[in-house]
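Numbers here are sequence positions counted from 1. Every value quoted in this text rests on a predicted model; they were computed, and no experiment measured them.
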Amino acid sequence: MTPRGSSRILALASLALGGCLDPAAGGDDASATAATAPVTTDSSDTAAPSTVAPTTTSDTTASTSTGEPDPTAGTTGDPPADPPDLFCPDGPQGGCAAQPGAPLEAGAAVLSLVPNCWEKWVDVDMDNTWKPADDMLLDCGCDQKCPGDPGYVAADEGEGDGKLQPLYMAGFGHDRPAYGVRDASHGLVGAGDGLWARAVVFRQGESTLAIVAIDTVGLFNNDVEAIRAMLAEQGVDLDYLIVHATHNHEGPDTMGLWGVDLFTSGYTPAYRQQVRDTIAAAITDSFEDLREVASMKVGEVDVSTYHPRGMANLIRDSRDPWVVDETISAAHLVDTEGVPIATIVNYSCHPETLANDNFLVTSDFVHALRRTVETGSEWQTAPGKPGLGGPAIYINGAVGGMMTTLGVNVENPDGETYQAASFEKADSVGQMLGEMALDAVAMGEEITGPALRFAAKRFRAGVRNTNFKLFFDIEVLEREVFNADMPGKEEIETEMALVELGPIQMLTVPGELLPELALGGYDGSQIKADGVPLIKPENVNPPDLEAAPKGPYLEDRMGLTYRWIIGLGNDELGYIIPEYDFQLAETMPWINEAEGNHYEETNSLGPDMASLVDQFADLLIAWSQG
């Protein structure tokens, strides 16, 4: 059968869906971080950290439950009348009646997500490309054990058949099969690297919530729904589940975009089931670990104050205007015996430091960050910091724009600098961020008796991207499409949620939010980097900042002290871009990029997403203030 949209196949064949590869950055990290004609910035010349005091406002706006945004919606207006679909305590779905005075309980678990079945290979000619004629296949089957290897029992699936059983890595390009898992022989702190499902569950009275962070490029909402159904069948008492993908570009394809070619999914049914099973198991293991929370320390620090170059030492915004979130936040939970339960860290950056020439599975800088929080940092000459114990759970924030380590010249406390992609660079970034998370906890406030509340709302979003429509049609992307027989009216269903944990307010966003939608910064106030312009002088098509939204912005409208964005929360719908600067190329839109910095549009659902996120965020915020 000829799929709808097949007339575009020849054009699409030229499109390399690079996920989040910024073409200007290059896989070898060759592009410069700074540029000429700088504007005045807020970065400090000192190395001491400082705390950040967010502002607050209660303005809300109207909402819609369809893929058509409300044309009257903005950042002010009447609170929406439409309530959340689910909330606890005392939600309309029942099962989570309020129990005043009930203590908060929490438990955590960590399980491996490295695929169970795949084969390794050796890059004999060292050209960073799998070529069967030139490279060596370790044809040992699913278990990667051949005769003579320790633990070998018998031949298993695929062993000795002369065909590679690939683990296709996601985030940059097609046909990128992994040839191993990073270990202690690579980088500064390689031991314990890999891919993980890290879960934390909370229970207060009858209200139960699970948050699971997975080291993958993304996970669609249909997978999350399937996991919820599995848990219900198992009798797990859970009111709401959030699955967050850290957006790791150095692990398996979990969406379908990065297989052997453009039209073949790299997300195998076997690994899909493994991902679902592992997330469900991590949740049940966390329930077995449930303990009363005696105290929770919460804090945040300004990353830009740790180096003379400010944020430019750790991150780059590849799209004008330069807007970065300078905050790293952390919450450390301890039980009544003084034993750590978990530490949750929130920061915003693409885990893609190893770039596209890496073929070793790794969780990128996130590994070193979590390792530092758990067991402490280790430098070659500089002193390290002790860790807090217990599992660390990393939650990525507003990573659109895009927030990246590619092209950044990183200087670590040893005085070593790294620009090109390397494990040393990833470990340097991760350990420095981990030390900042430790400072956030050390300087944070201690919360006793934190309250737990949460709410969620499902809605439909219009599919404007014609490439996405084609991939849905041919099932490279497995997603239910509504109004599929109505061109221009196609929709998919997604969701957003708001969680309150003591003074922390977490908002899930179903994709890669550009940070200016959360923070503003169109006036240059969010540069926080030395020598970096708000708009690159060589940009031939700069954004019209006079047309940018005036605010209050998303985090301004959130109500509690610590405001966390959970990017890629329960879905990955691509980049979420301010509508004023959403530009498509005149020829072959959605494939070609418009002049200037407009890569993100080609990997977005459409220009309506920013408005929808605003509307449903305001619905949830209004509920929290009611």
Side-chain angles (χ1 to χ4, degrees), residues 107-116 118 120 144 150-151 167 169 178-200 212-217 244-252 274-275 278-279 281-282 285-286 289 330 332 339-345 347 349 351-354 358-380 382 384-396 405 412-414 418 421-438 441:
V110 178
L111 295 177
S112 175
L113 264 182
V114 175
N116 292 330
W118 59 290
K120 299 179 181 179
Q144 301 177 354
L167 182 166
M169 299 178 75
Y179 55 49
V181 179
R182 187 259 190 120
D183 58 23
S185 65
H186 298 274
L188 303 178
V189 289
D193 198 355
L195 307 170
W196 305 95
R198 292 170 177 258
V200 58
V212 186
I214 57 176
D215 291 323
T216 72
V217 72
H244 159 72
T246 65
H247 201 42
N248 177 30
H249 286 47
E250 311 296 337
Q274 181 186 338
V275 169
T278 302
I279 292 171
D285 287 356
S286 297
D289 184 53
H332 180 61
V339 178
I341 300 171
T343 305
I344 310 171
V345 180
Y347 177 68
C349 186
E352 60 180 7
T353 315
L354 273 300
N358 171 56
F359 289 82
L360 289 174
V361 169
T362 170
S363 49
D364 206 85
F365 73 80
V366 178
H367 161 68
L369 186 159
R370 293 185 302 224
R371 184 182 188 277
T372 297
V373 171
E374 292 172 351
T375 62
S377 54
E378 297 179 21
W379 302 106
Q380 302 299 309
K385 288 191 175 185
L388 294 170
I393 298 163
Y394 175 76
I395 295 176
N396 227 334
T405 54
N412 71 19
D414 289 328
Y418 303 99
S422 68
F423 284 107
E424 288 79 9
K425 178 178 178 178
D427 288 345
S428 295
V429 170
Q431 288 203 126
M432 286 189 285
L433 290 171
E435 290 183 339
M436 295 174 200
L438 292 171
V441 172

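- With a 4.5 Å cut-off on side-chain heavy atoms, Tyr394 and Asp215 do not count as touching.
- A donor atom on one side chain and an acceptor atom on the other are found under 3.5 Å apart for Thr405 and Thr353.
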*Given the rule in the side chain to side chain contact (heavy atoms under 4.5 Å, CB included) test, do Asn358 and Met169 qualify, once you have shown the distances and angles that lead to the verdict?*
CA-CA 9 Å; Asn358 171 56; Met169 299 178 75; 4.0 Å; yes
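- Note that OG of Ser377 and CD of Glu435 are 3.5 Å apart. Values are rounded to the nearest 0.5 Å.
- No side-chain heavy atom of Thr372 sits less than 4.5 Å from a side-chain heavy atom of Met432.
- Side-chain contact between Lys425 and Phe365 is absent, with no heavy-atom pair separated by less than 4.5 Å.
- Under the side-chain hydrogen bond (donor to acceptor under 3.5 Å, both in side chains) criterion, Gln380 pairs with no residue at all, not counting sequence neighbours.
- Note that OG1 of Thr375 and CZ of Arg370 are 12.0 Å apart. Values are rounded to the nearest 0.5 Å.
- Asn396 contributes no side-chain N or O that, together with a main-chain N or O of His247, makes up a donor-acceptor pair within less than 3.5 Å.
- For Tyr179, the ring pair (Phe, Tyr, Trp, His ring centres under 6.0 Å) partners two or more places apart in sequence, or in a different chain, are Trp121, Phe359.
- The shortest side-chain heavy-atom distance between Trp196 and Ile214 does not fall under the 4.5 Å cut-off.
- Judged by distance alone, with hydrogens and angles left aside, the side-chain atoms of His367 form no donor-acceptor pair with the main-chain N or O of Thr362 at under 3.5 Å.
- Taking the salt bridge (Lys or Arg N to Asp or Glu O under 4.0 Å) definition, one finds that Lys120 meets it with nothing, sequence neighbours left out.
- Between Pro115 and Leu167, the closest heavy-atom pair is CG-CD1, 3.3 Å.
- For the pair Thr216 and Pro252, the minimum side-chain heavy-atom distance is 4.5 Å or more.
- When every heavy atom of Ile393 is checked against every heavy atom of Ala213, the shortest pair comes out as CG2-CB, 3.9 Å.
- Residues forming a salt bridge (Lys or Arg N to Asp or Glu O under 4.0 Å) with Asp289 (at least two apart in sequence, or on another chain): Arg291.
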*Would Asn248 and Ser363 count as a side-chain hydrogen bond (donor to acceptor under 3.5 Å, both in side chains) if you check the C-alpha gap in whole Å, the side-chain angles of each, and the deciding distance to 0.1 Å?*
CA-CA 6 Å; Asn248 177 30; Ser363 49; 5.8 Å; no
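- Thr278 pairs by the side chain to side chain contact (heavy atoms under 4.5 Å, CB included) definition with Leu111, Leu113, Ala197, Gln274, not counting sequence neighbours.
- Nearest heavy-atom pair across Ala108 and Pro391 is CB-CG, 3.7 Å.
- Rounded to the nearest 0.5 angstrom, Leu369 CG and Cys349 SG are separated by 10.5 Å.
- Checked against side chain to side chain contact (heavy atoms under 4.5 Å, CB included), Ala437 has the following partners two or more places apart in sequence or in another chain: Ile328, Ala330, Val345, Val373.
- Listed by chain and number, the residues in a side-chain hydrogen bond (donor to acceptor under 3.5 Å, both in side chains) with His332 are Thr343 (sequence neighbours excluded).
- Using a 4.5 Å cut-off on side-chain heavy atoms (C-beta onward), His186 and Leu360 make contact.
- Residue Leu438 holds its CG atom at 11.0 Å from CE of Met436, rounded to the nearest 0.5 Å.
- Scored by the salt bridge (Lys or Arg N to Asp or Glu O under 4.0 Å) test, Arg182 finds Asp193, Asp427 as partners (sequence neighbours excluded).
- Asp364 places no side-chain N or O within donor-acceptor distance of the main-chain N or O of Val366, the cut-off being under 3.5 Å.
- Using a distance-only test at 3.5 Å, with no hydrogens or angles considered, no donor-acceptor pair links the side chain of Glu424 to the main chain of Leu188.
- Evaluation of the salt bridge (Lys or Arg N to Asp or Glu O under 4.0 Å) rule for Glu374 yields Arg198 as partners, not counting sequence neighbours.
- Applying the side-chain hydrogen bond (donor to acceptor under 3.5 Å, both in side chains) rule to Asn412 yields the partners Ser428; only residues at least two apart in sequence or on another chain are considered.
- Residues satisfying the side-chain hydrogen bond (donor to acceptor under 3.5 Å, both in side chains) criterion with Gln431, sequence neighbours excluded, are absent altogether.
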*Run the numbers on Gln144 and Trp118 for side chain to side chain contact (heavy atoms under 4.5 Å, CB included), then give the verdict.*
CA-CA 7 Å; Gln144 301 177 354; Trp118 59 290; 3.1 Å; yes
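- For Ala191, the side chain to side chain contact (heavy atoms under 4.5 Å, CB included) test picks out Ala184, with sequence neighbours left out.
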